[in-house]
Chemist: 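Structure in structure tokens, see below.
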Amino acid sequence: MGPSRGAAIVGVAESDLGRTPDKTVLQLQAQAARAALDDAGLTFDDVEALFGAGNWAWSPNLMLAEYLGIQPEYTDSTNIGGSSFETHIGHALAGIEAGLFDVALITYGSTQRSDRSRQRSPASFKLTEQFEPLFGLPTPVGAYALAAMRHMHEYGTTSEQLAEVAVATRKWATMNEKAMMREPISIADVLNSRWVAEPLHLLDCCLVTDGGGAVVVASADRARSTRKPPVWILGHGESHTHNTIANMPDLATHQAAIASGKAAFARAGMTPNDIDVAEIYDSFTITVLLTLEALGFCGPGEGGAFVSGQRTAPGGPFPMNTNGGGLSYCHPGMYGIFLLIEAARQLRGECGSRQVEGARVALAHGTGGVLSSAATVILGKD
């Protein structure tokens, strides 16, 4: 499998997480980048391409490259929300296969918790969100609440089924010493937590933390000589369908994920049955149900039943969000890079008590905006 592939993830790392008032965004990115390159046995001198995204008014890559003291030959600051980093994987693969570079660094950092702000651009807000917040819709949770309510109306999905996701994910977090929330919770705990935007309770919603992450991607030739076993990029797909929730084609269907998943599985020559471990963006519990349906792990409207009975928890038949996810591990504004980090570690067998035995193929799927964008990556080991 591996030697025939064009590129692989060869290094991953996260920065300090939680609340980091003594660090800037650039410092968090640099911390993660150094650690990821060291994980691969590489240095900043090896970096030829730089990928990044963030809620910044100016290009994150210009500032970061200057801060790190590098002058990349290729740069990509594509930003389509939390799925940006899965998108960067596909773009890095394309660049490597085109012979443009051999080593790419993907980074992200955020001090959202310390700043107590989503750092959203006022100009962008005025142009693209001038109709919804003015009438009381909180962004993004209100948009996801609309999707959840529609899914409940169409398919009979219940709050208890949404809570299954939060409880299972917390069980994985109890085995991750870096997770922000490790205290076990029950279905009743989720249902008794306060409303944030009905039908979503507090424990249906992701955390707000600081943190950063980095992923190093290398060509097949370089990957064979790096420090850790390569995690091969087998398939990739990306799509986006709308920006504001008012323009979502179907509130109960994650259509962008349907497109990205179809492309990723086709390019990998695989089906959902081939996946051993899944890392699914969990900004909210409803995000997970919609994504599982869109990717073909279950049929439309079957997401609630699919996750019931703690099916995605440790020991269950469908290991998912094995680091604790955005619901319990961390969520510094845009979470997609942490999906890739955990997927790579699972395939390298580095996850200790939460390791999924025999994992050979992993899926990392990012969602951005208000169910607006999607990017799917399928990874495999030799």
Side-chain angles (χ1 to χ4, degrees), residues 18 82 113 136-176 179-209 245 248 251-254 257 278-294 297-331 335 354 365 367 370-371:
R113 183 181 178 92
L137 184 73
T139 302
V141 63
Y144 284 84
L146 289 173
M149 191 67 82
R150 187 65 195 178
H151 202 270
M152 289 176 164
H153 172 74
E154 288 196 19
Y155 300 114
T157 305
T158 66
S159 292
E160 287 80 2
Q161 290 173 329
L162 292 176
E164 291 271 4
V165 175
V167 173
T169 307
R170 182 64 63 88
K171 288 179 180 178
W172 287 108
T174 64
M175 298 186 286
N176 183 358
M180 299 299 101
M181 304 296 290
R182 301 182 65 193
E183 186 73 19
I185 57 174
S186 66
I187 300 292
D189 289 331
V190 179
L191 300 183
N192 291 329
S193 62
R194 65 175 175 86
W195 294 116
V196 176
E198 191 177 356
L200 300 179
H201 299 82
L202 179 65
L203 293 179
D204 286 302
C205 304
C206 66
L207 305 175
V208 177
T209 72
I245 195 65
M248 185 172 177
L251 281 172
T253 305
H254 194 353
E279 310 297 340
I280 305 289
Y281 203 115
D282 57 342
S283 47
F284 303 93
T285 50
I286 185 61
T287 315
V288 176
L289 265 60
L290 292 175
T291 304
L292 290 170
E293 294 173 8
F297 289 109
C298 56
E302 296 176 357
F306 184 85
V307 301
S308 292
Q310 292 296 281
R311 193 164 183 268
T312 65
F318 190 82
M320 182 183 76
N321 295 347
T322 52
N323 59 1
L327 292 169
S328 291
Y329 166 49
C330 75
H331 194 289
Y335 180 72
R354 69 178 193 277
H365 176 89
T367 291
V370 289
L371 295 162

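Just so you know, residue 1 is the first one in the sequence shown, and it goes up from there.
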Chemist: Quick one: does any side-chain atom of Arg113 pair with a main-chain N or O of Val208 as donor and acceptor, under 3.5 Å?
Modeler: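 Side chain of Arg113 to backbone of Val208: a pair is present.
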
Chemist: When you measure from the side chain of Asn321 to the backbone of Thr169, do you find a donor-acceptor pair of N or O atoms at a distance under 3.5 Å?
Modeler: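 Looks like no, no N/O pair under 3.5 Å.
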
Chemist: Which pair of heavy atoms, one from Asp282 and one from Gly326, lies closest together, and at what distance?
Modeler: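 Closest approach of Asp282 to Gly326, heavy atoms only: OD1-N, 2.6 Å.
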
Chemist: Mark yes or no for whether Tyr144, through its side chain, and Leu371, through its backbone, hold a donor-acceptor pair below 3.5 Å.
Modeler: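 Yes, the answer is positive, given that a donor and an acceptor are paired below the 3.5 Å cut-off.
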
Chemist: Side chain of Ser328, backbone of Gly325: donor and acceptor closer than 3.5 Å?
Modeler: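 A pair under 3.5 Å: no.
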
Chemist: When you measure from the side chain of Glu198 to the backbone of Ala145, do you find a donor-acceptor pair of N or O atoms at a distance under 3.5 Å?
Modeler: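 No, the answer is negative, given that no donor and acceptor are paired below the 3.5 Å cut-off.
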
Chemist: Quick one: pull up OG in Ser193 and CG in Leu191 and give me the separation to the nearest 0.5 Å.
Modeler: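 Those atoms lie 7.5 Å apart.
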
Chemist: Ignoring hydrogens, what is the shortest heavy-atom contact between Thr157 and Gln161? Give both atom names and the distance.
Modeler: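 Where Thr157 meets Gln161 most closely, the heavy atoms are CA-OE1, 3.4 Å.
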
Chemist: Quick check: do Thr285 and Leu327 have side-chain heavy atoms less than 4.5 Å from each other?
Modeler: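 SC-SC contact between Thr285 and Leu327 confirmed.
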
Chemist: I'd like to know whether His331 forms a ring-ring contact (aromatic ring centres under 6.0 Å, His included) with Tyr281, so could you lay out the CA-CA distance, the side-chain angles of the two residues, the decisive distance to 0.1 Å, and finally the verdict.
Modeler: CA-CA 10 Å; His331 194 289; Tyr281 203 115; 5.6 Å; yes

Chemist: When you measure from the side chain of Arg354 to the backbone of Thr322, do you find a donor-acceptor pair of N or O atoms at a distance under 3.5 Å?
Modeler: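 Judged by distance alone, yes, a pair lies under 3.5 Å.
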
Chemist: Over all heavy atoms of both residues, which pair between Val288 and Ile280 is shortest? Give the atoms and the distance, please.
Modeler: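 Looks like CA-CG2, 4.3 Å.
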
Chemist: Measure the CG-CD1 distance between Leu162 and Ile286 for me, rounded to the nearest 0.5 Å.
Modeler: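 If I round to the nearest 0.5 Å, the distance is 5.0 Å.
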
Chemist: Enter the distance from Met181:CE to Leu203:CG here, rounded to the nearest 0.5 Å.
Modeler: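 One finds 7.5 Å between CE of Met181 and CG of Leu203.
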
Chemist: Closest approach of Thr312 and Ala168, non-hydrogen atoms and distance?
Modeler: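 In this case the closest contact between Thr312 and Ala168 is OG1-CB, 3.3 Å.
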
Chemist: Judged by atom type as modelled, is there a donor-acceptor pair below 3.5 Å linking the side chain of Glu293 to the main-chain atoms of Gly301?
Modeler: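 It does hold such a pair.
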
